Amino acid sequence: MKRNKSISLLFFIFVIMAAFTMFAIIVDARKQHSKKSKPSKHLKGSANIPGPAPAPLPHRGSYPTQSSFFNILSFGAKGDGVSDDSKALLSAWKAACEVPGATVEIPAEFKFLVKPITLLGPCVPHLVLQIDGTLLAPPEAGSWPKSSLFQWLNFKWVHDFTIQGTGTVNGQGFDWWSPSSVYFIQKKSKHIPDMKPTALRFYASYNVTVRDIEIVNSPQCHLKFDNSKRIKVNNITISSPENSPNTDGIHLQNTQDVEIQHSSIGSGDDCISIQTGCSNIHVHHINCGPGHGISVGGLRKDQSVACVSNIIVEKVSLQNTLAGARIKTWRGGIGLVKNISFSNIQVSNVKYPIIIDQFYCDKHICKNQTEAVAISGVRYDQIIGSYTVQPIYLACSSNVPCIDVDLINIQLKPSQGYTSFKQALCWNSYGKSQALLVPSSIDYCLRRDGGFVKRTSRSSHEHVC
């Protein structure tokens, strides 16, 4: 009897232990299931959604596995110089615009024909256009749409952007320089003003760098910055024939905080043109020629207000140019040009090395006007070399004379092989001259009794700038 009780007790204990083990297994399984089924904190309130929460969608510019190089050949470009590759460039730009630090590649050893296009920003920062091949504009002036006669490659609202490379931007402008072709365009497009395309134009852009590339044969201006800020141009080459009309190298308008350096520019107009609305411009280590020199102006064209200040041009070499360091303002008008410095400039066979002209006009007959843009605080320091027509030409308004003009260490000698030279001209210009001056007549060029003139000539012009 006792033995049976013992067996019953052991069986009871075994059943209890087995039941406890099964209970523990069931509880643990439920816990594991509960962990797997718990909704993500990103989906709070959506407990009925089964499985793990999906990863959040990538925001603009978040492509960790995507390549940052966008070769236009991958977007359908042919690169044969004949097929229209405009859409391929535009597609590559749009794709790269969304990726941080992306590069649009124009590969070497290919020529890409591109019709007038606008490349829009703003893009994700640090976008690069790498030009190692050749971009070609349409060669025939008559093939350009009348809505695209102002620029060829138009960059609009781009920020933190760089153009660089070993390639060439070729405007193929020869047809535009022919008077018969221009007449055809004007006749075809009656409502289009007398305008030819700029090769590269930046509008409303900042933190832009252009370096190392070559820009050639633009129909008109080669590189233009309009309403932009914080611009750097370094080690570029600009080239077009001496007889190509209005083909300015670099044109600045309503643009501030600019550095242009270590570049070679030859064209049929100004190597560098600084227009109204510009300030804090530094130009240095430039080779200029052929062309019309480095110019502030022409200012106040079409009755606009002209305001330019804080311009430094230094360490520049000019060869076979119309002008050297020039300030030119249209007749009449209002505005102020101040704090302009031209220094350490070498000139060789330059027609007019030093010019201030308040009577500028590019027509055969111009209306005589007494008002002019005020000019003050202009420094010519260490202008050395040879001239072919006239060493200095300072033609200032009787009503608004040029004031605070400094001539320092000017050494200009007639070029060999030329015979018709003019004496230095200084008309209504006030300031001082010092150090070595050649020719010696320069010492008597500036008028020194400009105290009253200084107070009156700027008073009506400063408030508009």
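All values below were derived from every heavy atom in this structure, side-chain atoms included, with hydrogens, water molecules and symmetry-related copies excluded. The model shown is predicted, which means the values in this text are computed figures rather than measured ones.
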Nearest 0.5 Å, what's the [atom1]-[atom2] distance between [X] and [Y]?
| X | Y | atom1 | atom2 | result |
| --- | --- | --- | --- | --- |
| L299 | Q358 | CG | CD | 10.5 Å |
| N320 | T388 | CG | OG1 | 8.5 Å |
| L120 | C97 | CG | SG | 8.5 Å |
| L425 | I356 | CG | CD1 | 11.5 Å |
| F69 | N71 | CZ | CG | 11.0 Å |
| S376 | N339 | OG | CG | 7.0 Å |

Hey, can you pull the donor-acceptor pairs under 3.5 Å for the side chains in residues 344-351, sequence neighbours left out?
from: N349; atom 1: OD1; to: S415; atom 2: OG; distance (Å): 2.7

Checklist entry - Given the rule in the side-chain hydrogen bond (donor to acceptor under 3.5 Å, both in side chains) test, do S86 and D84 qualify, once you have shown the distances and angles that lead to the verdict? => result CA-CA 6 Å; S86 309; D84 182 4; 2.5 Å; yes
Could you tell me which non-hydrogen atom of [X] sits nearest to which non-hydrogen atom of [Y], and how far apart they are?
| X | Y | result |
| --- | --- | --- |
| G249 | H222 | O-CB, 3.3 Å |
| G289 | C271 | N-SG, 3.7 Å |
| G76 | A88 | C-CB, 4.1 Å |
| L252 | V258 | CD1-CG1, 4.1 Å |
| S263 | N235 | OG-N, 3.2 Å |
| D85 | K111 | OD2-O, 4.3 Å |

Does some side-chain heavy atom of [Y] sit less than 4.5 Å from a side-chain heavy atom of [X]?
| X | Y | value |
| --- | --- | --- |
| S341 | Y380 | no |
| P391 | P439 | yes |
| F161 | I163 | yes |
| V389 | Y418 | no |
| N154 | L119 | no |
| I215 | T237 | no |
| L394 | I354 | yes |
| L153 | V114 | yes |

Keeping the roles fixed (side chain from [X], backbone from [Y]), state whether a donor-acceptor pair exists under 3.5 Å.
| X | Y | answer |
| --- | --- | --- |
| N170 | Q172 | yes |
| R326 | I355 | no |
| S397 | A372 | no |
| S240 | N217 | no |
| S143 | E140 | yes |
| T247 | G268 | yes |
| W144 | P138 | yes |
| D212 | Q164 | no |
| S244 | P241 | yes |
| T198 | L200 | no |

Item to check | Test side chain to side chain contact (heavy atoms under 4.5 Å, CB included) applied to Q382 and S343, step by step | outcome: CA-CA 6 Å; Q382 198 172 337; S343 65; 5.7 Å; no
Checklist entry - Charged N to carboxylate O below 4.0 Å: is that the case for R448 and D443? => result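 A salt bridge links R448 with D443.
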Checklist entry - Between K328 and D270, is there a side-chain N and carboxylate O pair less than 4.0 Å apart? => result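 Looking at K328 and D270, the cut-off is met.
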Checklist entry - Are more than 12 heavy atoms from other residues, nucleotides or ligands located less than 6.0 Å from atom CD of Q253? => result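 Counting other residues, nucleotides and ligands, CD of Q253 exceeds 12 neighbours.
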Item to check | Enclosure of Y444 OH (heavy-atom neighbours >12, cutoff 6.0 Å) | outcome: no
Next on the checklist: Before you tell me yes or no, could you show the steps for K196 and L149 under side chain to side chain contact (heavy atoms under 4.5 Å, CB included), namely the whole-Å CA-CA distance, both residues' side-chain angles and the distance that decides it to 0.1 Å?
Outcome noted: CA-CA 6 Å; K196 292 178 288 186; L149 297 182; over 6 Å; no
With a 3.5 Å cut-off and sequence neighbours excluded, list the donor-acceptor pairs that the side chains of residues 103-110 form with protein atoms.
none

Item to check | Residues T168, L135; criterion side chain to side chain contact (heavy atoms under 4.5 Å, CB included); working and verdict | outcome: CA-CA 6 Å; T168 301; L135 294 177; over 6 Å; no
Next on the checklist: Using side-chain hydrogen bond (donor to acceptor under 3.5 Å, both in side chains), reason through E314 and H282 one step at a time and then give a plain yes or no.
Outcome noted: CA-CA 8 Å; E314 61 180 343; H282 188 195; 2.7 Å; yes
Next on the checklist: Please evaluate residues D80 and S83 with respect to the criterion side-chain hydrogen bond (donor to acceptor under 3.5 Å, both in side chains), reporting the C-alpha separation (whole Å), side-chain torsions for both, the decisive distance (0.1 Å), and the verdict.
Outcome noted: CA-CA 6 Å; D80 56 11; S83 304; 2.9 Å; yes
Checklist entry - So among R230, K229, H159, H126, which one has a side-chain hydrogen bond (donor to acceptor under 3.5 Å, both in side chains) with N207? => result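 The single option meeting the side-chain hydrogen bond (donor to acceptor under 3.5 Å, both in side chains) with N207 is R230.
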Item to check | By salt bridge (charged side-chain N to carboxylate O under 4.0 Å, His left out) - contacts of K413 (at least two apart) | outcome: none
Item to check | Aromatic ring proximity, centroids under 6.0 angstrom, Y387 and Y352 | outcome: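 Between Y352 and Y387, the centre distance exceeds or equals 6.0 Å.
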Checklist entry - Could you go step by step and tell me if H284 and H262 meet the side chain to side chain contact (heavy atoms under 4.5 Å, CB included) rule? => result CA-CA 7 Å; H284 61 97; H262 293 96; 4.3 Å; yes
Next on the checklist: What verdict does the side-chain hydrogen bond (donor to acceptor under 3.5 Å, both in side chains) test give for T166 and D132, after you've listed the backbone C-alpha separation in whole Å, the side-chain angles of each residue and the deciding distance to 0.1 Å?
Outcome noted: CA-CA 5 Å; T166 59; D132 292 322; 3.2 Å; yes
